[in-house]
Amino acid sequence: MSTFGSTPASTTSHNPNKSAEVVSPPGDSVSSLCFSPKANYLIATSWDNQVRCWEVTKNGTAISSAAKAAISHDQPVLCSAWKDDGTTVFSGGCDKQVKMWPLASSQPTIVAMHDAPVNELAWIPELNLLATGSWDKTIKYWDTRQSSPVHTQQLPDRCYSLSVMHPLMVVGTADRNIVIFDLQKPQTEFKRIQSPLKYQTRCVAAFPDKQGFLVGSIEGRVGVHHLDDAQQGNNFTFKCHRDANDIYSVNSISFHPVHHTFVTAGSDGAFNFWDKDSKQRLKLIFPSETTSVFSFSSIVKLL
């Protein structure tokens, strides 16, 4: 283990861990990944306008994949989310729309629209609503049976990242705004703060206990922030995804669904596993040349 902020040695190998690679991968950069909450299915969206689905299986240490289906958007696809029952995938992107894709059907339908690209999605099962975040400076809530949003929430700037752990929703926007919502009262902001990091927000992740959030920036740094005023003394920031004088963006953050440790993925191609409570890095993996996104599978225990 090593403490937060220490700098690891780098590697240039394309796949040093000999990780499994999916068959028929996207032909352009991958913008989002998400495993089904109910089955061994993996969804990837990419800049080649495609949404692809694979079935991933694990037999002992052997991991294999099979391409199952794909749908298209008119422009690059930026984000994806599963419905909680595992039957349906939502995808949004530069065509300013969100498609709903029941996997049993090859015919997706358009369920949401914005005035600018859609780059964040979250299905909220407690409300039976889809939340969509856009560069048009709004978050919209949608009942997918209706053509108009249930509510449109204005943001201070373009939505860059969104994380939901009901009733907590954390939204990171341009100009380093962090907007907190209590989804029991989604029409009003609960709190708005400026990011504790000095550079542009890249990603946010709500704590599993709903008491705070993580924020990652383009400057290879992560902030740990608590919502309770009495806990402000426990807030801190730390450096990561750096190699000597080279500094890389923190592109994605996610908590483990069981252990509640978290992982950061950066433009250096590294995954870092962290424990925020003990302030330690637990593990470092260099899987590729550049890592933009990742997803945990609670079904087959994969990353």
Side-chain angles (χ1 to χ4, degrees), residues 4 17 19 30-38 40-45 56 78-84 86 89-91 119-125 131 133 159-166 168-172 178 180 195 197 201-218 220-226 237-238 240-241 248-288 290-303:
F4 279 26
N17 303 290
S19 301
V30 175
S31 52
S32 76
L33 292 170
C34 55
F35 274 102
S36 166
K38 297 295 185 180
N40 303 335
Y41 291 115
L42 173 66
I43 290 291
T45 63
V56 180
L78 303 179
C79 53
S80 57
W82 284 88
K83 202 170 182 180
D84 60 306
V89 173
F90 301 98
S91 56
N119 69 316
E120 285 292 342
L121 296 173
W123 174 255
I124 308 171
C159 176
Y160 281 169
S161 185
L162 181 154
S163 177
V164 174
M165 193 66 65
H166 188 271
L168 173 65
M169 182 169 75
V170 183
V171 181
I178 306 288
I180 314 299
S195 170
L197 308 180
T201 298
R202 189 71 175 84
C203 48
V204 295
F207 289 178
D209 65 6
K210 311 164 192 178
Q211 299 303 304
F213 61 89
L214 306 173
V215 53
S217 78
I218 61 171
R221 199 180 290 263
V222 170
V224 180
H225 192 90
H226 297 78
T237 67
F238 64 93
C240 54
H241 299 284
Y248 300 91
S249 171
V250 180
N251 293 326
S252 188
I253 300 178
S254 184
F255 281 93
H256 190 280
V258 176
H259 305 299
H260 296 171
T261 52
F262 69 94
V263 175
T264 60
S267 292
D268 56 351
F271 292 100
N272 284 297
F273 291 73
W274 308 94
D275 183 331
K276 69 178 177 61
D277 298 321
S278 64
K279 299 184 179 180
Q280 287 184 318
R281 186 177 66 232
L282 305 177
K283 191 174 183 180
L284 167 66
I285 299 177
F286 271 102
S288 63
T290 300
T291 306
S292 297
V293 292
F294 66 94
S295 176
F296 281 111
S297 168
S298 58
I299 305 298
V300 290
K301 297 182 175 61
L302 298 174
L303 173 67

* For residues C159 and G133, report the shortest heavy-atom separation together with the two atoms involved. => SG-CA, 3.9 Å

* Asked: D277 and D275: which non-hydrogen atoms are nearest, and at how many Å?
  -> N-OD1, 2.9 Å

* To do: Report the C-alpha separation of L168 and F213 in whole Å, then their side-chain angles, then the decisive distance to 0.1 Å, and conclude whether the side-chain contact (heavy atoms from CB on, under 4.5 Å) test is met.
  => CA-CA 10 Å; L168 173 65; F213 61 89; 5.6 Å; no

* Any side-chain heavy-atom pair from V56 and F35 closer than 4.5 angstrom? -> yes

* Structure fact -> Heavy-atom closest pair (T201 atom, G172 atom, distance to 0.1 Å) is CG2-CA, 4.4 Å

* Asked: Should R202 and S161 be marked as a side-chain contact (heavy atoms from CB on, under 4.5 Å) after you check the CA-CA gap, both sets of side-chain angles, and the distance that decides it?
  -> CA-CA 7 Å; R202 189 71 175 84; S161 185; over 6 Å; no

* **Worked check of side-chain contact (heavy atoms from CB on, under 4.5 Å) between F273 and I285** => CA-CA 8 Å; F273 291 73; I285 299 177; 3.7 Å; yes

* To do: May I ask you to check whether H260 and F255 place their ring centres under 6.0 Å from each other?
  => no

* Main-chain N/O of D209 paired to Q211 side chain as donor or acceptor, under 3.5 Å -> yes

* Taking side chain as C-beta onward, heavy atoms only, is D268 less than 4.5 Å from H241? -> yes

* To do: Kindly compute the distance separating CZ (F90) from OG (S80), expressed to the nearest 0.5 Å.
  => 11.5 Å

* Would you check if the side chain of D84 reaches a backbone N or O of P37 as a donor-acceptor pair within less than 3.5 Å? => no

* Any idea which heavy atoms bring T45 and C79 closest together, and the distance? -> CG2-O, 3.7 Å

* Compare all side-chain heavy atoms of V263 with those of H256 and state whether any distance is below 4.5 angstrom. => no

* Asked: Does any donor atom in the side chain of S267 or S249 lie under 3.5 Å from an acceptor atom in the other side chain?
  -> no

* Structure fact -> d(L121 CG, S91 OG) to nearest 0.5 Å is 7.5 Å

* Distance in Å, W274 CH2 paired with F238 CZ, rounded so as to fall on 0.5 Å steps -> 5.0 Å

* Would you confirm whether W82, through its side chain, and C34, through its main-chain N or O, come within 3.5 Å as a donor-acceptor pair? => yes

* To do: Kindly assign one of parallel, tilted or perpendicular to the pair H226 and F207, based on the angle between their ring planes and the thresholds 30° and 60°.
  => perpendicular

* Asked: Which distance, rounded to the nearest 0.5 Å, do you find between the SG of C240 and the CD1 of I253?
  -> 7.5 Å

* To do: Indicate yes or no: at least one non-hydrogen side-chain atom of H225 is less than 4.5 angstrom from one of V215.
  => no

* Structure fact -> So OG of S217 and CG of N251: to nearest 0.5 Å the spacing works out to 10.5 Å

* To do: Using a 4.5 Å cut-off on heavy atoms from C-beta on, say whether the side chain of I178 contacts that of V170.
  => yes

